[in-house]
Engineer: 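Provided herewith is a single structure, encoded as structure tokens, for subsequent inquiry.
The shown structure was predicted, so the numbers you read here are calculated from the model rather than taken from an experiment.
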Amino acid sequence: MAATVLVVEDEKEIRELLRRYLERAGYAVATTASGAEAVRLLSERAVDLVLLDLGLPDVDGDEVLGEARERGGVPVVVLTARSTVEDRIRGLRLGADDYVTKPFSPTEVVLRVGAVLQRARGGAAGAVQVSSYGGGRLRVDEARHEVVLDGTGVELTPTEWGLLTALASVPGRVYSRYELVNRVRGYEFAGYERTIDSHVKNLRHKLGEAGPGVVVTVLGVGYRLGWARDP
Ligand code: CA
């Protein structure tokens, strides 16, 4: 079944352009110009991904993002008119999985939508694989797409999941931001490197007190998993 993408964008031309390209790529597309309507749609129908303009005339884009997060972590790709790092980080801090700066190429948007959806589906293609780290404190179940820390499930965004599983693939190995971008997104995009830090911050926050010990900063290089894989 085709994945459903909800496009939330008040500029009609952009909205229709995105609809055309997404439909051509085989997605089912719902559109709205209103943030309030988007929140309502999210509560009423199954949406696989939200393409969200942060500058909406009615409710703040942040609110729609929050709603998507509450709806079982529907992935969100943010469209932003401002290309400042602060603005991108703002979107990512709120849990967006990716962002696109206007003006964008619709082909690029479709590519990113595909990458985020693939990530969200997780290890569907992989074999059943459960690994534990740190003497059983952290358990990563690739098949179920589950992370359990000290017996409690941790809900991660697709990007956070990608980061954690990338670091966990070889515990202790240091990954540069550039490598992590590739691992998480499946393709290269240099501008994204600086925002990895923001995702790491979110991930650590979700891992609570253990967070900084699980994802260790290696100054000037990148990050590594601080806990060894259990035998
Ligand atoms: Ca707008």
Engineer: Rounded to the nearest 0.5 Å, what separates atom CG in L180 from atom CG in L167?
Structural biologist: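 The distance works out to 5.5 Å.
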Engineer: Quick one: does D58's side chain have a donor or acceptor within less than 3.5 Å of a partner on A36's backbone?
Structural biologist: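 Yes.
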Engineer: Any side-chain heavy atom of V113 within less than 4.5 Å of one from L49?
Structural biologist: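 Contact flag for V113/L49 side chains = yes.
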Engineer: Could you tell me whether the side chain of R224 reaches within less than 4.5 Å of the side chain of Y175, counting heavy atoms only?
Structural biologist: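 They are not in side-chain contact.
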Engineer: Does the T217 side chain pair with the main chain of L219, one donor and one acceptor, at a distance under 3.5 Å?
Structural biologist: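 No; judged by distance alone, with no hydrogens or angles, the pair does not exist.
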Engineer: Looking only at heavy atoms, what is the nearest atom pair of A25 and V110, with distance?
Structural biologist: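 For A25 and V110, the tightest heavy-atom pair comes out as CB-CG1, 3.6 Å.
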Engineer: Taking P171's backbone N and O only, do any of them form a donor-acceptor pair with R229's side chain (distance below 3.5 Å, no angle check)?
Structural biologist: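 Not a single qualifying donor-acceptor pair exists.
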Engineer: According to a hydrophobic-cluster definition based on side-chain heavy atoms being under 4.5 Å apart (Ile, Leu, Val, Met, Phe, Trp, Tyr only), do V148 and W227 belong together?
Structural biologist: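 No; W227 is not reachable from V148 via cluster members.
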Engineer: Please round to the nearest 0.5 Å and tell me the distance separating atom OG1 of T31 and atom CD of E9.
Structural biologist: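 One gets 10.5 Å once the value is rounded to the nearest 0.5 Å.
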Engineer: With a 4.5 Å heavy-atom cut-off, do L51 and V109 have their side chains touching?
Structural biologist: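 Yes, side chains in contact.
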Engineer: Does a side-chain heavy-atom distance below 4.5 Å link L164 with V214?
Structural biologist: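 Side chain of L164 against side chain of V214, heavy atoms only: contact under 4.5 Å found.
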Engineer: Applying the 4.5 Å side-chain criterion to the ILVMFWY set and letting contacts propagate, would V216 and L163 be lumped into a single cluster?
Structural biologist: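 Not linked; separate clusters.
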Engineer: Under a 4.5 Å cut-off applied to non-hydrogen side-chain atoms, are R177 and D197 in contact?
Structural biologist: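 In short, these two side chains touch, coming nearer than 4.5 Å.
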Engineer: CG/D53 to CZ/R15 distance, rounded to the nearest 0.5 angstrom?
Structural biologist: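 Interatomic distance, D53 CG to R15 CZ, rounded to 0.5 Å: 10.5 Å.
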Engineer: Hey, quick one: are V174 and I196 part of the same hydrophobic cluster, counting side-chain heavy atoms closer than 4.5 Å, chains of contacts allowed?
Structural biologist: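 V174 and I196: separate clusters.
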Engineer: Any heavy-atom pair between the side chains of L117 and D48 that's under 4.5 Å?
Structural biologist: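 They are in contact (side-chain heavy atoms under 4.5 Å apart), so the answer is yes.
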Engineer: Check step by step if side-chain contact (heavy atoms from CB on, under 4.5 Å) holds for L18 and L79.
Structural biologist: CA-CA 11 Å; L18 289 171; L79 305 171; 3.8 Å; yes
Engineer: Grab the two heavy atoms, one from A210 and one from L149, that are nearest each other, plus how far apart they are.
Structural biologist: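 Here A210 and L149 meet closest at CB-CD2, 4.1 Å.
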Engineer: Taking a hydrophobic cluster as the set of Ile, Leu, Val, Met, Phe, Trp and Tyr residues connected by side-chain heavy atoms closer than 4.5 Å, whether directly or through intermediates, do V170 and V181 fall within one such cluster?
Structural biologist: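 Yes, V170 and V181 fall within the same hydrophobic cluster.
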Engineer: Of all residues at least two apart in sequence or in a different chain, which pass the salt bridge (Lys or Arg N to Asp or Glu O under 4.0 Å) check with E155?
Structural biologist: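 Scan of E155 (salt bridge (Lys or Arg N to Asp or Glu O under 4.0 Å), adjacent residues dropped) gives none.
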Engineer: My understanding is that only residues two or more places apart in sequence, or in another chain, count here; which of them pass salt bridge (Lys or Arg N to Asp or Glu O under 4.0 Å) with E146?
Structural biologist: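 Listed in chain order: R139.
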Engineer: Hey, could you give me the CG/CG distance between D60 and L54, rounded to the nearest 0.5 Å?
Structural biologist: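 Taking CG in D60 and CG in L54, the distance rounds to 7.5 Å.
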Engineer: Which heavy atom of L42 sits nearest a heavy atom of V64, and at what distance?
Structural biologist: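 That would be CD1-O, 4.2 Å.
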Engineer: Provide the closest heavy-atom pair for A68 versus V76 in the form atom of the first, atom of the second, distance.
Structural biologist: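 Closest pair (atom of A68, atom of V76, distance): CB-CG2, 3.6 Å.
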Engineer: Yes or no on side-chain contact (heavy atoms from CB on, under 4.5 Å) for L41 and V8, after CA distance, side-chain angles and deciding distance?
Structural biologist: CA-CA 11 Å; L41 283 169; V8 188; over 6 Å; no
Engineer: Looking only at side chains, do Y21 and S105 share a donor and an acceptor under 3.5 Å apart?
Structural biologist: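 Checked: Y21/S105 side chains show no N/O donor-acceptor pair below 3.5 Å.
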Engineer: Taking only residues two or more places apart in sequence, or in another chain, which ones meet E44 in a salt bridge (Lys or Arg N to Asp or Glu O under 4.0 Å)?
Structural biologist: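 Partners of E44 by the salt bridge (Lys or Arg N to Asp or Glu O under 4.0 Å) criterion, ordered by chain and then number, come out as R40.
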Engineer: Can we say E108 and R112 salt-bridge, meaning some charged N sits less than 4.0 Å from an Asp/Glu carboxylate O?
Structural biologist: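 Here E108 pairs with R112 in a salt bridge, since their nearest N and O are under 4.0 Å apart.
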Engineer: Hey, are K102 and E11 close enough for a salt bridge, meaning a charged N less than 4.0 Å from a carboxylate O?
Structural biologist: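 So K102 pairs with E11 through a salt bridge.
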Engineer: Using modelled atom types only, decide if a donor and an acceptor are shared between the side chain of D230 and the backbone of G136 within a distance under 3.5 Å.
Structural biologist: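 Flag set: sc D230 to bb G136 pair under 3.5 Å.
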Engineer: Check the pair T80, V100 against side-chain contact (heavy atoms from CB on, under 4.5 Å), reporting the backbone distance first and the verdict last.
Structural biologist: CA-CA 6 Å; T80 169; V100 182; over 6 Å; no
Engineer: At what distance, to the nearest 0.5 angstrom, does CG of L56 lie from OG of S34?
Structural biologist: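 The OG atom of S34 is 8.0 Å from CG of L56, to the nearest 0.5 Å.
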Engineer: Please name the pair of heavy atoms, one in A28 and one in A2, separated by the smallest distance, quoted to 0.1 Å.
Structural biologist: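 Looks like N-CB, 4.0 Å.
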Engineer: How long is the gap from CG on D150 to CD on E209, to the nearest 0.5 Å?
Structural biologist: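 Rounded to the nearest 0.5 Å, the CG-CD separation comes out at 9.5 Å.
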Engineer: Examine distances only and state if a side-chain atom of T159 and a backbone atom of D97 form a donor-acceptor pair shorter than 3.5 Å.
Structural biologist: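 Yes.
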Engineer: Do the side chains of V140 and V130 get nearer than 4.5 Å, heavy atoms only?
Structural biologist: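 No, too far: nothing below the 4.5 Å cut-off.
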Engineer: Which atom names give the shortest non-hydrogen contact between L65 and A96, and what distance separates them?
Structural biologist: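 Shortest heavy-atom contact: CD2-N, 3.8 Å.
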Engineer: Apply salt bridge (charged side-chain N to carboxylate O under 4.0 Å, His left out) to residues R20 and E16 and explain how you reach the verdict.
Structural biologist: CA-CA 6 Å; R20 236 180 13 255; E16 290 311 313; over 6 Å; no
Engineer: Going through the distances and angles, do L156 and L203 end up as a side-chain contact (heavy atoms from CB on, under 4.5 Å)?
Structural biologist: CA-CA 7 Å; L156 300 181; L203 177 59; 3.7 Å; yes
Engineer: Are the side chains of L52 and V77 in contact, using a 4.5 Å heavy-atom criterion?
Structural biologist: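 Not touching, per the 4.5 Å side-chain cut-off.
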Engineer: Would you mind telling me which of H199, K206, H205 makes a side-chain hydrogen bond (donor to acceptor under 3.5 Å, both in side chains) with E160?
Structural biologist: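 The single option meeting the side-chain hydrogen bond (donor to acceptor under 3.5 Å, both in side chains) with E160 is K206.
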